Number of protein chains: 2
Amino acid sequence: MAQEDRRSRRSRRLLRDALVALVLERGYADITVEDITERADLGRATFYSHYTDKGALFTQIAADLQAELDERLRPLLNPPSVGFSGKPVLEMFRHAAEERDAYRVILRGEGDGRALRRLVDARTAAAATVFRARAEALGVTPRIDVEVLARAWVGEQIAVLAWWLESDPPRLSAEEVTRMLLDLSLRGRYWANGFEGEPPAAPQ
Amino acid sequence: MAQEDRRSRRSRRLLRDALVALVLERGYADITVEDITERADLGRATFYSHYTDKGALFTQIAADLQAELDERLRPLLNPPSVGFSGKPVLEMFRHAAEERDAYRVILRGEGDGRALRRLVDARTAAAATVFRARAEALGVTPRIDVEVLARAWVGEQIAVLAWWLESDPPRLSAEEVTRMLLDLSLRGRYWANGFEGEPPAAPQ
DNA sequence: CACGTTTCTGAACATGCTGTCCACTAACAT
DNA sequence: ATGTTAGTGGACAGCATGTTCAGAAACGTG
């Protein structure tokens, strides 16, 4: 009743780890299948018995990560609440911290950026849905196009996350960064420099 | 006194255009040097008399574009003004509209995302400088870390720009999108749904 | 433990792209 | 008209790819 042969699991894990490590060191394009199997201490033929090529392994890694993130965000996005708690953002940052290297690979846009685009598109779609639901619940028409709103919001998150994951050691905690992101996003940069005393309280 | 042989200019331009077109069609990784020269209607040997490899051509394209953008932004960023006019953002959007295909290639993160990262880092550095100068001129301490502020602001711009360049035909003009971006960035999403009546006027 | 099954492995192979070289021709600037 | 520079096609070795196969090793199970 075992789900899979232990050797297969081991090999896949080794190949995955080897690819991530090598991409961080030398970049996706400069790596050969043999580099990967050498680092993983496996025969080259073993690679091809698991994946059709380097791209397939990379795609799998990205897809797994994406699925894991979606899984963790699901309970926070469903049902959609009207207020912005910032919980999904914090959860993404925590997930990224746990899977730091894999995230760095993807956020660097390795592999022609397909994986990154996929991630951004998924988060953007989710954000747009929330914004639309919120506008409808409040019976208002957003002064800013929802698509622009969602792209900007996700662009902000991803850009800051990418920077945060590359800084070593991190000057700020996940909680601090996401608090800033949420604050900035809700209240705007206008207040960011201390203009006009205390800014209004953020909504719940 | 001619700066360069007409044939060289012609070949470089043809190779450049061919690469950009092919990358948009099939993606950077799937393209061979022969594909490029075939599309450009040149001999393969000609390619190697101009560039060492595919990456060199790509890097050159990205560097040229970057230099052109920097040139156009220089007068708008120097000297740094205290207020946010949004002019640099609009100028970038206009430049991108003129060089749409080349921008799309770079913003998709083709070529392992190096070119995109370079672009983002340059704009982030410029933004951070402006933010710091502004905070100092006003004698205030920003409530949000300047690095986070700059990363978020540039991430917003780039994400929206990438989306805008891919939409066809564009639903919004460059002026409309940049106005939204500036508005959003200055006043925040808190007001974006029509909360609390009129938001405060943006600073000059 | 003993069994049948699955995975790993190294070697060999054809294929395709790379980057270099060269001799020849065409296009150029003056 | 002339000397110079660029483009061309062909040939070449080098390297990574993806496939195949038969033997060895590790596995799950009863």
Side-chain angles (χ1 to χ4, degrees), chain A residues 1-64 105 110-112 114-115, chain B residues 1-64 105 110-112 114-115:
Chain A
M1 266 297 139
Q3 54 270 64
E4 200 185 17
D5 194 300
R6 187 198 304 169
R7 289 166 296 175
S8 287
R9 268 204 315 278
R10 186 185 112 97
S11 294
R12 285 186 211 267
R13 185 176 47 75
L14 287 171
L15 291 172
R16 189 201 117 108
D17 293 349
L19 178 60
V20 169
L22 285 168
V23 169
L24 284 180
E25 287 173 23
R26 318 209 308 253
Y28 179 81
D30 285 356
I31 287 167
T32 70
V33 171
E34 188 154 22
D35 290 334
I36 300 170
T37 54
E38 192 180 330
R39 172 71 62 109
D41 203 16
L42 292 172
R44 197 167 68 92
T46 305
F47 180 95
Y48 288 106
S49 75
H50 286 287
Y51 305 99
T52 61
D53 54 25
K54 189 175 67 157
L57 171 54
F58 185 84
T59 302
Q60 190 60 54
I61 293 173
D64 287 350
V105 164
E110 296 281 359
D112 282 358
R114 279 185 253 277
Chain B
M1 265 293 140
Q3 53 274 58
E4 199 185 17
D5 195 302
R6 188 197 303 168
R7 289 166 296 177
S8 288
R9 271 203 313 280
R10 185 186 113 97
S11 294
R12 285 186 212 266
R13 186 176 45 76
L14 287 171
L15 291 172
R16 190 201 117 108
D17 293 349
L19 178 60
V20 169
L22 285 168
V23 169
L24 285 180
E25 288 173 22
R26 319 208 308 253
Y28 178 81
D30 284 355
I31 287 167
T32 69
V33 170
E34 189 154 21
D35 290 333
I36 300 171
T37 54
E38 192 180 331
R39 172 71 62 108
D41 203 17
L42 293 171
R44 196 167 69 93
T46 305
F47 180 95
Y48 288 106
S49 75
H50 286 286
Y51 304 98
T52 61
D53 55 25
K54 189 175 66 157
L57 170 55
F58 185 85
T59 302
Q60 190 60 53
I61 293 173
D64 288 350
V105 164
E110 295 281 0
D112 282 359
R114 280 185 254 276

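Worth saying up front: this structure is predicted, and the values here are computed from it rather than measured. So you know, we letter chains A, B, ... as the sequences are listed, proteins then strands, and number each from 1.
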Subject >> Selection from C:dG19, D:dA26, D:dG7 that lies nearest to any side-chain heavy atom of A:R7 >> reply: D:dA26
Original post:
In degrees rounded to 10°, what angle is found between the helical axes fit to the five outermost pairs at each end of the helix from C:dG4-D:dC27 to C:dT30-D:dA1?
Top reply: 50°
Determine yes or no for a side-chain-to-main-chain donor-acceptor pair under 3.5 angstrom, with [X] supplying the side chain and [Y] the backbone.
X      : Y      : value
B:D112 : B:R114 : no
A:T37  : A:V33  : yes
A:S11  : A:R7   : yes
B:K54  : B:I31  : yes

Original post:
Going by an N to O cut-off under 4.0 Å, is there a salt bridge joining A:R26 and A:D35?
Top reply: yes
Subject >> Check ion pair A:R12-A:E4 (N to O, under 4.0 angstrom) >> reply: yes
Subject >> OP1 or OP2 of D:dC27 under 4.0 Å from side-chain N/O of A:R6 >> reply: yes
Original post:
Taking OP1 and OP2 of D:dA16, is either one under 4.0 Å from a side-chain nitrogen or oxygen of A:T32?
Top reply: no
Subject >> B:F47 and B:L57, any side-chain heavy atoms less than 4.5 Å apart >> reply: yes
Could you state the atom-to-atom distance from [atom1] of [X] to [atom2] of [N] in whole Å?
X     : N      : atom1 : atom2 : result
B:I31 : C:dG16 : CD1   : P     : 19 Å
B:Y28 : C:dC17 : OH    : C1'   : 14 Å
A:E4  : D:dG28 : CD    : P     : 11 Å
A:R9  : D:dC27 : CZ    : P     : 10 Å
B:E34 : C:dT15 : CD    : C1'   : 14 Å

Subject >> Of all pairs that satisfy ring-ring contact (aromatic ring centres under 6.0 Å, His included), the ones with a partner from residues 18-37 of chain B, not counting sequence neighbours >> reply: B:Y28-B:F58
Original post:
Which residues pass the side chain to side chain donor-acceptor pair (under 3.5 Å) test with A:R13, sequence neighbours left out?
Top reply: none
Original post:
Looking at residues 35-61 of chain A, who's got a heavy atom less than 4.0 Å off DNA chain D?
Top reply: A:R44, A:Y48, A:D53
**OP:** With a 4.0 Å heavy-atom cut-off, tell me which residues in residues 10-27 of chain A come close to DNA chain D, sorted by residue number.
**Re:** none
**OP:** Calculate, to the nearest 0.5 Å, the distance between atoms CD1 and CZ belonging to B:I61 and B:R16 respectively.
**Re:** 5.5 Å
Subject >> Set of residues satisfying side-chain contact (heavy atoms from CB on, under 4.5 Å) with respect to B:R39, sequence neighbours excluded >> reply: B:A18, B:A21, B:L22, B:E25
